[in-house]
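Let me begin by presenting the structure, written as C-alpha cells, before commenting on it.
Just the heavy atoms: all of them, side chains too, but no hydrogens, waters or symmetry mates, feed the values below.
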Amino acid sequence: MSLVAELKRRRVFRALVGYGIAAFAVLQIVEPVMHGLRWPDAVLGYVVVVLALGFPVVVALAWIFDVKGSGGVALSKARVALVLAAIGVLSGAPGVAWYFLLHKPAAAVDRSIAVLPFASLSGERDAAYFADGFHDELLRQMARLGNLQVISRTSVLQYKEGARNLREIGAALGVASIVEGSVQRAGNRMRVEAKLVDAHTDRQLWAELYDRDLTDVFAIQSAVAQEIANALDAKLSRRQKEQLDKQPTQDREAYDLYLRAVDYDYEHRPDMHPRDLEISEGLYRRAIARDPSFALARARLATSLLSRFWFVAGTPTSVTDDARRQAEEAVRLDPELPQAHLSMGYFHYWGERQYEPALREFEMARSGAPAEALDAIAAVERRQGRFIDAVTHLEETIRLNPRSTSPFITLGETLQCLRRYADAERAYQSALRIAPDSDAVLARLAFLYEQWRGDATAAKKLLPDAARRLDPQGRFANATWVTILGWHNPREALAVLDVVRADPIPGARAIYPRALLLAMAHEALGQAAQARREYQAALPRLESEVRAYPKNASQRSLLALAYASLGRRDDALRESQRAVDDLPLSKDALYGFWPLMEQGLIAARFGDADRAIAIIRQLLAVPAYLSPGLLRVDPRWAPLYGDPRFRKLAEMDNAEALRIPAPASR
C-alpha cells in the first residue's frame, strides 16, 4: 500500500494516462499519413512498438523527476525497479496485442489494370495511327504512376480488333480493371471517350467524354490518367502530378510526325525490317527538326538506331555515335523521362557492351516503364552470366506482359542455357498458346528438342514447312535460328535455300553468304567437291564483311570455318582465336560460347582432338546451349565420332551431371 501511495504521490499514474492519450493521438495521425504517402504497412507496426517501449520510460521518468519526491516513504530499490518495469510493460502490452493480434489492416486494393487499344472513329483512312498513338501515350503516362500495375502494350494489342468480352480479357491478363475507349479526329478537333470497368463484374467505375481542340491532346491524356488513378484510390504524389502535366512537345506537327514514326518503329514492327526502321527514323528526325526539345522523340530515335545496329547485321557502327548523341540530349532535356534512360541504357548495352552503366540506366527507367526496363535488365544479366537473376526478372516481366510471346521466348532461351529443358519447353508452349503459328517459337522449340534429347524430328518437319512461308529475299525474322537448324539438318537446309534466293541472307549476328550455307549442307551430305567450290565462292564476301566489321566475332567465326573447310589451317586458327578474343565467355556468357564452340569444331577438323574435347568439356560445365544431344545431331563433329572421350560426352545422361539446378526457393 505504501508503494501505491508513493506512485500516486509521484503522479506516475497521471503520467501514464497522459502518455496513453498522446500515443493514441499519434496513431490516429500516423495511419492516414502513412497511407497517403504510400509507406509500407510495416511502418505502423514499428510506430506501435516504439510507443509501447515508451511506457516503461515514462514510468521511470515520472518516478525519478517528480519534484515533490523528497520526504517520501523509504522503499527497497530493487522492489521499486521491479514494480516500475512491470507497470510500464503492462501499460504498453494492450497496444502491442491490439496491433499484432486483433488489428486487421485494410485489404490492399488491386490496382492491376489493362488499357485496351482505343478504337479509331475517324473518317480519314490513314488516321488510325492517331488513335494508336493516343493509346501508346496514355499507357506511357499511366506506367509512370508506380502504384498502378499497368499491363504492357504488347499484351493488350491483340484486343485491337474484334468483339471484346471484358471479363475474359481481365482473366487472360490477370487484371482487376480495364480501360477502353475511342478516339475521333476531325480537322483540328478531337473527341475522346474513355471508361474504366471492373474486370470481374463488368461494372463501370468511371467514364468521361472529352470534346476539345487537337492541341489539348496531352491535357486529355493527363486527365484520363489522373481520373483513373482517383477511381482506383491511387493517390498521386506532387511529383507524379507534375509528370502527368508535362507535355512532351508544344508543336502539334512535331507530335503528329512522332505518332507516325512510332507506327513504324521497333516496338510496333518487331520483325525489324530495315525499310520500316528507316521510315521510322526519318519521321523522328523530322519531328526533332520541328522541336529540338522533343526529348521523347530523341529517346525513341536513339533506341531505334541501336535496335538496327544490334539486330540487323551489316548496320554501320557510325549509327551508335548518332544514337549516343540523341540519348544524351534526351536525358539532358528531361532527366526523369523513363524512355530517355532506356535509350541511354541500350547505348551502353548494345552500343558498347558496358553492362554496369546499362543496368544503372535501366534501373532508373524501371519505375516509369517497368515491363520494358525489366526485360532489358534480364537481357544484360544473361550476358553477365547471371542467368538465375534473369529468370526472376523475366517472370516479373511476364506478369506485366502476359500476352506477349517475347518474354516467354527469352525465358525459354535462358532456361535452355541453364539446361532446365522441361521448364524451357513450358515457356515455349506458353508462347505457342499466344501465337500458335509463330516460326520464331517453333524454331526454338525444335532446337530445344535437339539440345535436350538429340531429337531432330521437329526440326526436319519445321524447315520444309517454314520454307513455304519465308520471304524469298530473306527479309524474315529469326533467320539465325533457321540457319542454325540447317547446320544440323543439311537436306532440309537445302529445301529452305531452294526457296530463299537472297544473297547474302541477313541474320542477327552475321551476314550469311548463300554459297556458305549451301557449302555447309553439301559438305555434311558428303559432296566434298561441290562444297569446296561453294566455300571458295563465299570467301570474298566473308572477307569483305570482316574487314568492314572487324569486331563482329560471329562474322569472323564464319570466315574461320570457311578457311578450315578449304584446308587453310593457319588462317582458320588465326581468325578463330581473334573471334574468341573479341567475344570471350567472360564478356558475353550468353553468346560467347558460339566462337568458342566453333573453335572446337576447327580443332576437330584439323585433328587436334585434345583441344576440341577440352573445349566441349568447358562448355558443358557452364550455362550454354551446347549439350550431349547437340553433339549427337550436329554433323560437323564427325571428325570426333571415333574418339571414346567424345562418345562418352555425347551419350552421357545430362540429368544430373550437366543440369544447372534452380534455386531452392523455386
Side-chain angles (χ1 to χ4, degrees), residues 154 270-272 307 310-311 349-350 353 355 371-372 374-398 401-402 404-435 438-453 455 458-459 462 477-485 487-488 507-510 554 583 585 587-597 619-620 622-627 629-630 633-634 654 658-662 666:
T154 314
D271 285 354
M272 293 190 183
S307 299
W310 188 255
F311 291 107
Y349 171 28
W350 288 342
R353 287 186 182 270
Y355 301 138
E372 296 88 338
L374 283 167
D375 190 60
I377 288 168
V380 172
E381 288 170 338
R382 297 197 306 169
R383 306 283 172 171
Q384 292 178 312
R386 296 163 54 194
F387 289 91
I388 298 297
D389 292 337
V391 169
T392 300
H393 285 128
L394 285 167
E395 289 175 342
E396 289 184 55
T397 303
I398 287 170
N401 201 2
S404 169
T405 60
S406 178
F408 285 108
I409 290 173
T410 308
L411 177 61
E413 292 175 349
T414 308
L415 293 167
Q416 277 185 264
C417 289
L418 291 169
R419 301 186 176 90
R420 291 167 52 184
Y421 299 129
D423 292 336
E425 182 183 37
R426 281 191 288 273
Y428 290 136
Q429 292 293 352
S430 296
L432 283 178
R433 283 193 287 274
I434 299 168
S438 169
D439 286 332
V441 181
L442 291 170
R444 286 167 173 81
L445 197 56
F447 181 74
L448 169 67
Y449 294 138
E450 291 186 335
Q451 179 190 18
W452 185 2
R453 308 181 186 120
D455 182 359
L462 170 71
N478 303 290
T480 298
W481 285 98
V482 173
T483 301
I484 291 170
L485 291 175
W487 293 341
H488 309 157
R509 298 188 297 124
S554 298
L583 195 65
L585 278 171
K587 186 176 182 179
D588 188 338
L590 180 65
Y591 281 145
F593 102 93
W594 288 106
L596 189 57
M597 184 191 73
L619 292 176
L620 290 177
V622 299
Y625 285 117
L626 191 63
S627 71
L630 285 183
V633 301
D634 191 339
N654 70 335
L658 296 180
R659 183 179 182 274
I660 308 299
R666 302 190 62 78

Worked verdict on L445 versus L432 for side-chain contact (heavy atoms from CB on, under 4.5 Å): CA-CA 10 Å; L445 197 56; L432 283 178; 3.8 Å; yes

Partner set under side-chain contact (heavy atoms from CB on, under 4.5 Å) for A446, not counting sequence neighbours: A458, A459, L462, L485

Shortest non-hydrogen separation from I434 to P402 and the atoms involved: CD1-O, 3.7 Å

Considering all heavy atoms, the nearest Y421-S627 contact: OH-CB, 3.5 Å

side-chain contact (heavy atoms from CB on, under 4.5 Å) evaluation trace for L630 with H488: CA-CA 8 Å; L630 285 183; H488 309 157; 3.8 Å; yes

Closest non-hydrogen atom pair between T397 and A371, with its separation: CG2-O, 3.8 Å

R382 side, atom CZ; T410 side, atom OG1 - distance, nearest 0.5 Å: 5.5 Å

Minimal non-hydrogen separation, F387 against A589, with atom names: CZ-O, 3.8 Å

Atom pair CG (D634) and CD1 (I484), whose distance is rounded to the nearest 0.5 Å: 10.5 Å

Listed partners of D455 passing salt bridge (Lys or Arg N to Asp or Glu O under 4.0 Å), at least two apart: none

Interatomic distance, W481 atom CH2 to L442 atom CG [nearest 0.5 angstrom]: 13.5 Å

Reported CG-to-CD distance for the pair L448 and E450, which is rounded to 0.5 angstrom: 10.0 Å

Matching residue for Q416 among Y625, W452, Y428 - test: side chain to side chain donor-acceptor pair (under 3.5 Å): Y428

Residues in side-chain contact (heavy atoms from CB on, under 4.5 Å) contact with S438, at least two apart in sequence or another chain: A435, A440, V441

Salt bridge (Lys or Arg N to Asp or Glu O under 4.0 Å) partners of R433, counting only residues at least two apart: none

Pairwise side-chain contact, W350 with S307, heavy-atom cut-off 4.5 Å (strictly under): yes

Least distance between heavy atoms, V622 atom then R419 atom: O-NH1, 2.7 Å

Trace of the side-chain contact (heavy atoms from CB on, under 4.5 Å) decision for L418 with V391: CA-CA 10 Å; L418 291 169; V391 169; 4.0 Å; yes

Aromatic plane relationship, Y591 with W594 - under 30° parallel, 30 to 60° tilted, over 60° perpendicular: tilted

Shortest non-hydrogen separation from A390 to A378 and the atoms involved: CB-O, 3.6 Å

Non-neighbouring partners of R353 that pass salt bridge (Lys or Arg N to Asp or Glu O under 4.0 Å), sequence neighbours left out: D588

Residues in salt bridge (Lys or Arg N to Asp or Glu O under 4.0 Å) contact with E381, at least two apart in sequence or another chain: R386

Rounded distance [0.5 Å steps], CD1 in I388 versus NE2 in H393: 12.5 Å

Inter-residue atom distance S430.OG - I409.CD1, 0.5 Å rounding: 11.5 Å

